Amino acid sequence: MEAVSLWGLGVVALACAVAVFACDSMARATFALLGSLVCVGGVVFVLGLPYLGVVTVLMMVMEMVVMAVFMVAYMMNPAGLMPMSMLHNKRGALGISAAVFASLTGAVFLVDWPQRRGSPPRDTTFQVGKALMGGQMLTMVVLGFVLLATMVAATVLALHRGRYDRLGDDLDRCPARDPAGGGVGR
Amino acid sequence: MSALLWALIALPLGAGAALLLSGRRWNALAPGLGLAAAAGTFGLAVASAVFRPEASAPLFAGVRAGLRVDGLSAVLVVAVAAVTTAVLVASPGELGPRENRGRFFGLMLLFAGAMTVTVTATTLPPLLMAWEVMGATSWALIGFWWHRPDRVRAADTAFVTTRAADLGLYLAAGAAMAGGVGSLDLTALTGAQGGWRHVACAGLVVAALGKSAQLPFSFWLSHAMRGPGPVSALLHSATMVAAGAYLLLRLHPLLVATGWAAPLVAWTGGVTALALGVVAVAQRALKQLLAASTSSQVGFMVLAAGVGDPSGGTLQLLAHAAAKSALFLAAGAWLTSLGTEQLPALRGAVRRHPLLGAGFVAGALALAGLPPLSLWVAKDEVLAAARAQSPGLYALGLAAAAVAAGYSVKALWYVTRPLPHDHDHDHDHGQEQDGGRRGARGPTRSVSTPVVVLAAAAVFLGVAALPGLSGPLRGVLGGGQQHAPNPWEMALSAAVALAAAGAAWWWLPRSAHAPRTASAGKRWAADWLSMERAARAVLVRPAFALARALAAFDDRAVDGAVHHLARGGLTLARGAARADDHGLDGAVRAVAAGCRRLGAWARRPQTGLLHQYYAQAVVGFTLLLSIVLLVR
Amino acid sequence: MTFELVLVLAAGLFSVGLFGALSQQSIVMIMMGIELMIGGVIVAAADFWHFLAPAAADGQVVIVVAVVAMAVEMAMGFAVTTALYRARQVDTTDMARELKG
Amino acid sequence: MVEAGRWWTVLLAPALLLAGALLAVAADTCAAAQHAGRRPSLGAVGRRLLEVPRLLTAQPRTLPAADRLLWRLGVLIVPAAAVLSVLVVPFGHRGVADLSVGLVWFNAMEVLTWAGLWLAGWGPNSVFSLVGGYRFVAQGLAYELPLMFALISAATGAQSLRLADIVAAQQGLWFVVWMPVGFLVHLAGVLAFAFLGPFAYPAGHDLAGGVLAEASGVDRLLLQAGRWLWLTAGAAMAVPLFLGGGNGPVLPAWAWSLLKTLAVLGLLVYGLRRVPVVRADRYVELAWVVLLPLTLVQVLAVALVVLVRQGG
C-alpha cells in the first residue's frame, strides 16, 4: 500500500514540478508548484511523519496563495495570455541540472547506505516535539530568532513609508497622517 | 766678558732685522742707521779681538752653542766688520733713493752678523745656523732686484748650488753624532770613531768647497755677479767665499787626522787657482773677470789650509779681501755710472774718474802679486808651505800666480787706455746693451773714499807681513810657522809675477785689435769651463727626468688607479641603478600588473546575473561534495 | 529499494527546481524553483529519517528547519523584490545587475 | 472512546453534513423572513431550496479567456475541503478517521479553502471575482492566526492533536469553560472561512457578489453549498474541541454531539444577521492586535495549568 502511494505521489510531484516551468500561465505554475509540494507533504505523511506532512501541506497552501498574490503583482504576463519565453541560458541550465541529477542518482546508487538503526517511535510528533524542546533547543531558539528577524526585515523592506514619516518632519504631528488606515485612537 | 761677544752678535743681527722689517718706511734714514750699526760692530769687533771673550749657551740636550774669539777668528771678525763698514759707506751711491734701502742695509747687516757667528762658532750647530743665514742673505741680496726675472734666476742658481754643498755640513753633524761626538764641538770632531770621522770630514770638505766656489761648484759665482755692486764687494769677494777657506783652516787637524783629506784639499785649491785664473784671463766682462779671480785667490787659501799654513792662509784672506772689495766697488761704480761692464767699453775709465781709478789701479796691482804689495807676501807664505809639502804643488802655485798677474794686467790695460774721442757714444751703446742702472751720473765721493781706503789697506798690509815684521802677526794667529819663506823663493815669485805682467802688457794691444776668432779652448774658458752645463747635464737633467718620471708615474699609476676606482664605482652605481630599475622595479610593476589582471579576471564571474551565480554555486557545491566523498 | 527510489524522487525534484532557478528570468519563478529544491530536501530528509535513523529525531528537525527556511526564503525574497520593484519596476533578475563585479 | 468508524461511516458523515447544511439554510431563510417581518413559512424555505435544481439546469455563462481548469478546480475544492475536514470530526464516540494529527488536518483543509476561493476568483478572468478572491485572502490572513492559536490551546489542553484525546480530556470539564476566548475565536473563524454573515466581505454586495459574481450554474451551486457546508463543518468541529464532544449525562454520545452541533449551528445562524459585514483590514487589526495576544495568553494559561496539574 505504502509503495503504491509513494509511487503515485512521487510521479504526481515530478509531473507537477515539470509543469511549473512548462506552462505559460503563472497562476497554473504556482498551483502546479502547490500540487507538487502537497505531494511532497503526502510523501512525508506516508513515510511515517504525519504531523510534518500535514504541516507542510498547510504551510505550502498558504505560501502558494501568497505567492499567487505576488505573482500577479510582479509578473509581466501572469495569465500567460501572451506566451513569451522568459527563459535564458536554457541549454546551460538544463545541462547543469541534468549533471546534478545524474551525480545525485549516481551517489544514491553507489553509496552503500548504512542499515537502519533503531525503530520509529509510536508517536513521531511527540519525538520531534521532545527533540526540539530538549536536545535541539538551540535549533528551536535559532529558528525562533530567524523568524522574528525575517518578520521585522520583511516588513521594513516592503513598507513604502518609514516608521516615522507619519509623525512629520519634527516628529510631532498629531494625529499622525498614516497612509495605512487603522490604528487605535484614529 | 761673554756679554761683549753677545753684543757683537746681537747688534748687527738686531739692527739688520729691524731695517729689513722697516722696508721703505725709513728709506731715507736707512743708510745712516746701517752705517752706525756697522761702525758699532767694528768697534765691538776690535774690543773683542783685544779681550778675546768666550760665551756658550745651552741649545739642545747635551749640545751647547759655543762661541769664542781666538787668534784666527779675532783677525777675521775685525776684517769682516771693517769691510762691511767700507761697503756700507759706498752703498748709498750705488742704490738710488727710490730703491728699498731698508731691505738692502738690513740684509747686509744680517749677513755681517751671520759671518761673525760663523767665524766665532766653536760647536757645529751655531756654525750650521749662521752658514744657512749666510746662504739665505746671499740669495736675497743677489736677487735684490727681484722684479727682474734673470736676476732672480741667477740668485736661485747660486742658492741651489751652495745649498747642495751645505748638505755636507748636515752630513758631518750626523756623522759626528753617530761617531760619538755628542757635544758636536769642532775641535772634538777628530775624536769620532772609525768611518764616521771620514764621513764627517768629507761632509765638511764638500760644504767648504761649495761655499768657497772651488772647482766643481765655482760656476755659481759668475751668476752671483748679477747682484748689486756692493753685494759683490762684500759677499763675493771678502767674506762669504772666505768662510769655506776659514772653515778648512780651522779644521786642519781633522783634515790631517783623516789622512786623505789634506792632500785632496791642497790639490783642489791649487788646481782651482790655476783653472779659474785661466778662466779669468778669458773673460771679457770686468765683473766676471773679478769673480773668476776671486775663485782662484780663494784657491790659494784652500791650498794653504790643505798644506796646514793657517797664518799664510789668513794673511792671503785679509789681503785678498781688501783688494778685491776695492776692485768690486770700483767696478760697481763704473757699472752704475758708465752703464757697462764690458772691458773694451770701459777703455779709459780711470781717466774719467781719477780718484776712483787710482784706487782701482792700486787694487789691481796688489792683485797681480807684484812686490812689495800684500798679496805677493801672502802668496809667498803659502807657496813656501806648499813647497814643504810637495814640489808639484809649488809649481802649480807659481803657475797660478803668473796667471793671476796676467788677468790683473788685462784689466789694468783696458781701463788705463786713453779715452776714445766719442766716449758719449759708448755710453748710450753700453747702457742699452747692459740695461745699466740710472745712466751717466758720476760716482760720488762716498764711493771713492772707501775704494781708496781699501786699496791703501791692501798695499800696506803687505808691508806688515814682511818677514822682518811678521812676528806680531804670527803671534796673533798663534801657532809657529815652520816654513818661513826663504829669500830666494820670494825673489823667484816676484820675478815670475813681473815677467807675466810684462808679457801680458806687451801682448794685450796685439790681441785687442786682432779679429776675435776665439779658439775652442778660449771659448771653453770663457764659459767657466762649462761647469754649469756639466752640472746641469750630470745632476739637473737626471733630477728633472726622474721628477718627470715620478710625476708621470704618479699621474698614470696612482691617479690612474684612483680614476679607475672612481669610474668603476660609477659604473657599479649605474649598473645597480639599472638593475634596480629593470630588475626590482620591473618585478614590482610586473607583480602589480599581474595582481591587476588577476583582479580583473576574478571580477568576471561577478556578472550580476542571479542565475549565473546559482550555476556557479551549484558547480562549486558539486565539486566540494565530490571532493568530500572521494577524499574520505 | 524504495529508499533509493524516494531518494531519486528527491534528486529529481531538486534538479527540476535547479533547472527552473537557473533558466527562469522572473524573480517569482526563480523563487518557485528554490521552493522545489527545498521540497526535494524535505523528501530526502524524510527518506533518510524513515529508512536510516527513525529512532533519532534529527531527520525531523531537518525537515522543520527546511520548512522554516522555505518560509524565510519566500518572505525575504518577496520583501526584496517589493523594495526593488518599488524602486525601479524591476521584475526580472537580468534587469537587476547593479552588483555586477 | 472514539475509534475509527467502519467504511460506511465515510458516506454517513457527508450525508449528515449535508443535512446539517440544509437545516442551516432553512433556519437562515426563516431568520431572513422574520427579519423581513414575514412569517417564516415552509414555502419560503422551499423556494430557497428550489435554487438547487434551478442552478443545476441553468446555462453557465462563459467568459473570454477564462482559466476554466483553475476555475473548475477552485469551485470543486471549496465543498470538497469542507467534506474532507469533517472526516476527522468524531460523531459521538465514532469518527470517520481517527488521525493522530486530526486537528492539523482540519486546519489544513480549512486553509485549502483559501486556494479554492482564490482560484474561483481568478478563474473567470473578471475583476470583481478576482478582487473577491483577494478579499478572502486578506480576510484569511486576518482570522487564520487567532483560529490556529485557538485550536492549539485546545490541543495543549489535551496534550494531543488527536480529537479523540481532546474529547477524552474534556471528561470532567469542557474546554469552553476555561478556554472561552478559544471558543469565541473559533466561532468567528468558522464564520470567516464560511464567509457568511459578518465575514461575507469576499462575496460582498458592493462587489456584485465578489467571488460569486461570475459564478453561475453548477459553479454557483457548489460555492453556495460549500459556504453552508463549511459553516456546518465548523460548528461540528467546535463540539469536540470545546464542548466535550459526545460527553453528556444521559443521552448517548452521538445524541449529545448532534444536539451540541445543532445548538452551535443555531447560534451561528442567529448571529449571521446580527453583525454587519466587517471589512477585512478592520478585522485584521482587531484580530492581530487584540485576538492574537488574547489567544497567546490563553495558550500560556492552558500550558501553565497543564504543567501544574501534571507536575503536581
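The analysis underlying the following values was restricted to heavy atoms, covering all of them including side chains, and did not include hydrogens, waters or symmetry mates. Keep in mind the model is a prediction, meaning the values are calculated, not measured.
At a 4.5 Å heavy-atom cutoff, A:M151 makes no contact with chain C through either its backbone or its side chain. Only the side chain of A:M60 comes within less than 4.5 Å of a heavy atom of chain C; its backbone N, CA, C and O stay farther away. The parts of A:V108 that come within reach of chain C are both its backbone and its side chain, each placing non-hydrogen atoms under 4.5 angstrom from that chain. When heavy atoms are compared at a cutoff of 4.5 Å, C:A56 approaches chain A solely by way of its backbone atoms N, CA, C and O. For a residue to count as touching a neighbouring chain, one of its non-hydrogen atoms must lie under 4.5 Å from one of that chain's; by this rule A:T30 touches chain C with backbone and side chain alike. For C:F51, the parts lying under 4.5 angstrom from a heavy atom of chain A are both the backbone and the side chain. Looking at A:E2, only its side chain comes within 4.5 Å of chain C, counting heavy atoms on both sides. Residue A:M67 touches chain C through both its backbone and its side chain, counting heavy-atom pairs closer than 4.5 Å. For a residue to count as touching a neighbouring chain, one of its non-hydrogen atoms must lie under 4.5 Å from one of that chain's; by this rule C:M32 touches chain A with backbone and side chain alike. Contacts between A:L94 and chain C at a heavy-atom distance below 4.5 Å involve backbone atoms as well as side-chain atoms. With a 4.5 angstrom heavy-atom cutoff, C:I63 touches chain A only via side-chain atoms. Looking at A:T155, there are no atoms closer than 4.5 Å to chain C (heavy atoms on both sides), in backbone or side chain. Looking at A:Q136, only its side chain comes within 4.5 Å of chain C, counting heavy atoms on both sides. In this structure, chain A has a heavy atom under 4.5 Å from the side chain of C:V6, while its backbone stays farther away. No part of C:I27 comes within reach of chain A, as not one of its non-hydrogen atoms sits under 4.5 angstrom from that chain. For A:L47, the parts lying under 4.5 angstrom from a heavy atom of chain C are both the backbone and the side chain. Within the 4.5 angstrom heavy-atom criterion, atoms from both the backbone and the side chain of C:M70 approach chain A.
The closest side-chain heavy-atom distance from C:L52 to A:R117 is not below 4.5 Å. Between A:F45 and A:L9, every side-chain heavy-atom pair lies at or beyond the 4.5 Å cut-off. You'll find the side chain of A:L167 stays beyond 4.5 Å of the side chain of A:D172, heavy atoms only. The closest side-chain heavy-atom distance from A:M71 to C:M29 is not below 4.5 Å. Counting heavy atoms from C-beta outward, A:K130 and A:Q127 have side chains that stay 4.5 Å or more apart. Side-chain contact between A:C16 and A:L33: absent, with no pair of heavy atoms (C-beta onward) separated by less than 4.5 Å. Proximity of C:F19 to C:V16: side-chain heavy atoms (C-beta onward) are nowhere separated by under 4.5 Å.
Classification of the C:F48-A:W113 ring pair by plane angle, with boundaries at 30° and 60°, yields tilted.
No other option in A:V100, A:L52, A:L104, A:V66 has as many heavy-atom pairs under 4.5 Å with chain C as A:L52. The candidate from C:D58, C:L7, C:L5 with the greatest count of non-hydrogen atom pairs under 4.5 Å with chain A is C:L7. The residue among C:Y85, C:W49, C:F3 with the most heavy atom pairs within less than 4.5 Å of chain A is C:W49. Most heavy-atom pairs under 4.5 Å with chain C: of the set A:V142, A:L49, A:T105, this distinction falls to A:L49. Among A:G118, A:P121, A:A131, A:S119, the residue with the largest count of heavy-atom pairs under 4.5 Å with chain C is A:S119. Among the candidates C:A53, C:A71, C:A21, C:G17, the residue making the largest number of heavy-atom pairs closer than 4.5 Å to chain A is C:A71. Comparing A:V40, A:L14, A:V18, A:V128 by how many heavy-atom pairs each has under 4.5 Å with chain C, the most go to A:V128. Taking chain A as the reference chain and counting heavy-atom pairs below 4.5 Å, the highest number among C:G77, C:A55, C:A10 is found for C:A55. Between chain A and the residues C:V67, C:V68, C:T81, C:L36, the most heavy-atom pairs under 4.5 angstrom are made by C:L36.
The shortest heavy-atom contact between C:A45 and C:G59 is CB-O, 4.2 Å. A pairwise comparison of heavy atoms in C:M76 and A:L157 identifies CE-CD1, 4.0 Å as the closest pair.
Not a single donor-acceptor pair under 3.5 Å links the side chain of A:R116 to the backbone N or O of C:P54. A donor-acceptor pair is defined here as one N or O able to donate and one able to accept, closer than 3.5 Å; such a pair exists between the side chain of A:S25 and the backbone of A:R28. Using modelled atom types, one side-chain atom of A:D123 and one backbone atom of A:T125 make a donor-acceptor pair closer than 3.5 Å.
To the nearest 0.5 angstrom, A:R91 atom CZ is 13.0 Å from C:S23 atom OG.
Paired with C:V64 under the rule side-chain contact (heavy atoms from CB on, under 4.5 Å), one option of A:T139, A:V55, A:L132, A:T56 passes, and it is A:L132.
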